[in-house]
Asks: 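Have a look at the structure that comes next, please.
Remember, it's 1-based here, ligands and their atoms both numbered in the order they're listed. Basis for what follows: all heavy atoms, side chains included, without hydrogens, waters or symmetry-related copies.
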Amino acid sequence: MCGIVGYIGKKEAYPILIEGLSALEYRGYDSAGIAMVDSTGLTIYKDKGKVDRLKEITRSIEKEKGAIGIAHTRWATHGAPSKVNSHPHTDDKERIALVHNGIIENYSILKDRLKEEGIEFRSETDTEVLAQLVGKYYENDLAAAVRRALADVEGTFGIAVVAKDQPEVIVAARRGSPLVVGVGDNELLLASDASAIVRHTKTVIYLKDNNLIELHRDGIYHTTTLENVQITPELHQLEYDAESLAKGGFEHFMLKEIFEQPQTIKNALRGRLLIAEGTARLDGLNIVHQELRSIERIIFVACGTSWHAALVGEYMIEDIAGIPVEVEYASEFRYRNPIIGPNTLVFVISQSGETADTLAALREASHKGATVLGICNAVGSSIARETHGGVYLHAGPEIGVASTKAFTSQLTVLSLLTLLLGRMRRISHSDGMTIANALQAIPSQVEQILKQNVKVKEIARIYHHHSNFLYLGRSYNFPVALEGALKLKEISYVHAEGYPAAEMKHGPIALIDKEMPSVVLAIKDSIYDKVISNIQEVKARGGSVIAIANEGDCEIEKHARHVIYIPKTIPILSPLLSVIPLQLLAYHIAAMRGCEIDQPRNLAKSVTVE
Ligand code: M6R
């Protein structure tokens with residue numbers, strides 16, 4: 001959601017902080033601010049709007065203002081986007097400045113208490129309460145003041161703090177909101193997401209929950225728990241470089257990421273597909289085969305697009321491995337009292353590995369004694385670190401807010417998991433080989449679909465003015481219908497509903513008229529004929545149909561107004577192909593409507609608050 005950047009070293013902080021903020025803008029972007037400290041004191045600039053607005057208001061400032069600073073992009077939770085609510089926030093004496101990701105849940109009680117003590121507040125934010133607390137406790141030892149303040153607060157935080165009279169130190173701490181420290185050559189960087197600092201160093205420390213770090217000049221750092229017990233953090237190397245954060249000639253990150261999918265699917269398969277044995281290996285699960293064989297139930301927990309991938313996973317695993325699977329929204333799971341038996345395996349699925357609800361669900365399942373495994377993209381993320389084992393997607397950084405390549409990589413990993421479990425329990429060597437060979441062919445089949453980009457764009461041109469869309473699919477392609485509808489609504493602000501095609505007649509059919517196009521996944525599988533009947537039902541009510549169908553299907557053009565053909569694969573893998581035209585369709589409709597595709601309104605890439 002919000003983004004944090006910090007720098008302390010020998011270089012000028014300002015350009016590094018601004019560049020870092022731009023890299024983080026995809027996480028949240030309704031306001032931005034910066035605080036720099038030097039021997040002359042503390043300087044703060046902030047305003048409503050994007051990082052470009054911050055650049056504008058800082059154009060005339062002295063850029064050599066110092067070699068230490070903190071900066072923030074905000075995604076509003078408490079208080080509307082405005083200059084006064086933007087971070088950094090200060091205490092009332094303006095001795096300290098603080099940026100914060102997360103939510104201070106008891107801010108209202110603390111605010112009343114501080115007001116009674118005569119402290120004046122300027123903003124409506126929960127963050128200002130934390131800044132005022134640090135200011136209240138500050139007596140020339142910034143880390144001590146931060147520790148005391150954090151002892152008073154409930155909620156989640158990733159914070160960076162500087163003090164006016166200490167141009168030699170940044171203090172950062174976290175609980176529930178990610179922070180990563182970049183260890184450079186006599187310099188230290190801080191960010192809520194490694195993409196903000198990878199241009200400067202690939203050596204990082206992932207700050208753990210309830211840890212505090214003091215960053216000093218000359219690259220010296222000191223890490224403790226919030227209770228001031230010293231710890232030695234582990235150093236990690238980032239797996240990607242700055243180039244992967246560029247658009248690479250594409251107009252938007254989303255389009256680049258759609259086109260990366262042949263490669264990202266290959267990356268997810270690499271070293272894991274054992275064609276000759278007709279099975280898969282997923283070493284990161286850290287589970288012995290004996291234990292995998294005794295699983296009686298699987299629970300997938302996720303949000304958004306990752307939840308849609310989980311739903312496909314449910315269909316696959318029940319079908320091929322015969323293990324009962326449940327799919328839960330993380331936000332529901334965490335507050336229910338879920339029943340987790342002794343042979344239940346919980347998988348949390350998250351691209352970012354930082355989604356607050358998914359992380360909380362993971363912890364709830366762990367408390368109940370479950371083995372919890374992760375399927376994550378972001379290496380070293382909180383979810384990746386807190387799970388007992390798991391599988392990385394290796395899709396590289398996904399910058400577009402609308403998830404695309406992560407979805408197909410999640411499906412790839414779930415297919416591998418299905419193959420592994422299926423071979424242990426139910427399916428023969430030859431059936432395993434059929435799945436393995438079909439998986440191997442997927443990247444080149446995706447490439448073929450991407451060649452139809454222009455055709456999808458033409459269809460988008462016909463329909464981009466429409467205000468409502470229905471997405472219909474059955475079986476493996478029902479979750480794809482949900483995903484197609486989500487893609488369209490989040491980036492084009494067009495109302496779209498995904499439905500199991502046969503459920504349409506239980507309600508949504510009332511919506512159909514000539515103004516409401518239906519996108520129907522009409523894949524040649526065992527229920528193809530039923531889907532054709534559903535298309536007839538739409539047509540009979542004047543609705544036009546855009547069908548996604550298999551190459552060689554001569555029947556479909558009689559029924560649908562437009563057809564986008566995709567190569568044939570086995571039914572369980574069809575979502576990996578059928579979702580591609582839907583991603584392109586959403587992209588082109590949003591582009592034609594003039595929407596901000598990579599940074600849609602109200603959304604953030606990584607939802608680190610409840
Ligand atoms: O990082 P995660 O996979 O945990 O994120 C979950 C959702 O927030 C995410 O998939 C969201 O729905 C995307 N914007 C969808 O495109």
Side-chain angles (χ1 to χ4, degrees), residues 1 26-29 75 176-178 192-195 252-255 257-258 261 264 300-313 327-334 347-363 372 374-387 390-393 395-411 413-414 471 479-480 482-494 496 498 579 582-587 590 595-610:
M1 312 226 79
Y26 74 100
R27 291 180 62 109
Y29 28 75
W75 186 89
S177 280
S192 48
D193 177 331
S195 57
H252 296 97
F253 280 110
M254 180 181 177
L255 194 60
E257 287 158 6
I258 291 174
Q261 289 175 109
T264 49
F300 285 125
V301 187
C303 303
T305 286
S306 300
W307 188 87
H308 296 155
L311 218 50
V312 178
V327 180
E328 297 259 7
Y329 285 112
S331 53
E332 290 297 316
F333 182 89
R334 64 181 292 189
F347 274 92
V348 288
I349 307 182
S350 171
Q351 185 285 128
S352 62
E354 300 293 350
T355 301
D357 284 323
T358 313
L359 190 55
L362 182 177
R363 289 175 182 158
V372 187
I375 298 177
C376 288
N377 192 32
V379 176
S381 56
S382 303
I383 291 177
R385 283 184 289 121
E386 289 195 29
T387 39
V391 190
Y392 277 124
L393 303 182
E398 191 179 63
I399 308 290
V401 165
S403 186
T404 51
K405 63 176 180 174
F407 179 71
T408 46
S409 297
Q410 287 164 342
L411 295 187
V413 166
L414 288 164
Y471 283 72
V480 180
L482 296 179
E483 176 60 7
L486 177 63
K487 288 292 86 93
L488 186 65
K489 59 188 148 192
E490 67 181 334
I491 58 167
S492 69
Y493 321 139
V494 169
V579 76
L582 305 194
Q583 296 170 342
L584 287 171
L585 186 67
Y587 172 81
C595 297
E596 285 215 48
I597 292 178
D598 287 331
Q599 296 171 1
R601 70 183 181 206
N602 305 339
L603 287 175
K605 181 66 185 164
S606 162
V607 184
T608 52
V609 294
E610 275 199 74

Asks: Any nitrogen or oxygen of T358, side chain or backbone, less than 3.5 Å from one on ligand 1?
Replies: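 Between T358 and ligand 1 (N or O atoms, distance only) the closest approach is not under 3.5 Å.
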
Asks: Please report which non-hydrogen protein atom sits nearest to atom 7 (C) of ligand 1, along with the residue it belongs to and the distance in Å to one decimal place.
Replies: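 It is C303 O, 3.7 Å.
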
Asks: Looking only at distances, please establish whether an N/O atom of ligand 1 is found under 3.5 Å from an N/O atom of Q410.
Replies: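 Q410 vs ligand 1: no N/O contact under 3.5 Å.
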
Asks: My understanding is that we take every heavy atom of each candidate and find the minimum distance to atom 16 (O) of ligand 1. Doing that for E354, Q351, E490, Q583, which one comes out nearest?
Replies: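 Heavy atom nearest to atom 16 (O) of ligand 1 belongs to E490.
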
Asks: Compute the minimum heavy-atom distance from L603 to ligand 1 and say whether it is under 4.0 Å.
Replies: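 False for this residue.
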
Asks: Using a 4.0 Å cut-off to any heavy atom of S350, which atoms of ligand 1 qualify?
Replies: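 Atoms satisfying the 4.0 Å criterion: 1 (O), 2 (P), 3 (O), 4 (O).
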
Asks: May I ask you to identify the nearest protein heavy atom to atom 8 (O) of ligand 1, giving residue, atom name and distance to one decimal place in Å?
Replies: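 Minimum-distance protein heavy atom for atom 8 (O) of ligand 1 reads V607 CG2, 3.9 Å.
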
Asks: For atom 1 (O) of ligand 1, grab the closest protein heavy atom and report residue, atom and distance to one decimal in Å.
Replies: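 The closest heavy atom on the protein side is S352 OG, 2.7 Å.
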
Asks: Hey, is ligand 1 close enough to G304 that some N/O pair sits below 3.5 Å?
Replies: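 No.
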
Asks: Can you name the atoms of ligand 1, numbered from 1 with element, that are less than 4.0 Å from a heavy atom of V401?
Replies: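 Heavy-atom distances to V401 below 4.0 Å select 13 (C), 14 (N), 16 (O).
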
Asks: What protein heavy atom lies closest to atom 9 (C) of ligand 1? Include the residue and the distance to one decimal.
Replies: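 Result: T305 N, 4.0 Å.
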
Asks: Against heavy atoms of A402, which atoms of ligand 1 measure under 4.0 Å?
Replies: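 Near A402, the atoms of ligand 1 are 16 (O).
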
Asks: Need the ligand 1 atom indices (1-based, order shown) with element for anything under 4.0 Å from a heavy-atom of S306.
Replies: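 Listed by number with element, the hits are 2 (P), 3 (O), 10 (O).
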
Asks: Under the 3.5 angstrom rule, does the side chain of E257 hit a backbone N or O of I399 as a donor-acceptor pair?
Replies: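 Present.
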
Asks: Only heavy atoms of K487, strictly under 4.0 Å: list the atoms of ligand 1 that pass.
Replies: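 Atoms satisfying the 4.0 Å criterion: 15 (C), 16 (O).
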
Asks: State whether a side-chain donor-acceptor pair under 3.5 Å links E483 with T305.
Replies: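 T305 and E483 do have a side-chain donor-acceptor pair below 3.5 Å.
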
Asks: Tell me the protein heavy atom at minimum distance from atom 5 (O) of ligand 1, and give that distance in Å.
Replies: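 Scanning the protein heavy atoms, the shortest distance from atom 5 (O) of ligand 1 goes to T355 OG1, 3.5 Å.
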
Asks: Working to the nearest 0.5 angstrom, can you tell me the gap between Y329 OH and C303 SG?
Replies: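 Taking OH in Y329 and SG in C303, the distance rounds to 9.5 Å.
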
Asks: Will you find, in the side chains of E398 and S403, an N or O donor that is under 3.5 Å from an N or O acceptor?
Replies: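 E398 vs S403: donor-acceptor pair found between side chains.
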
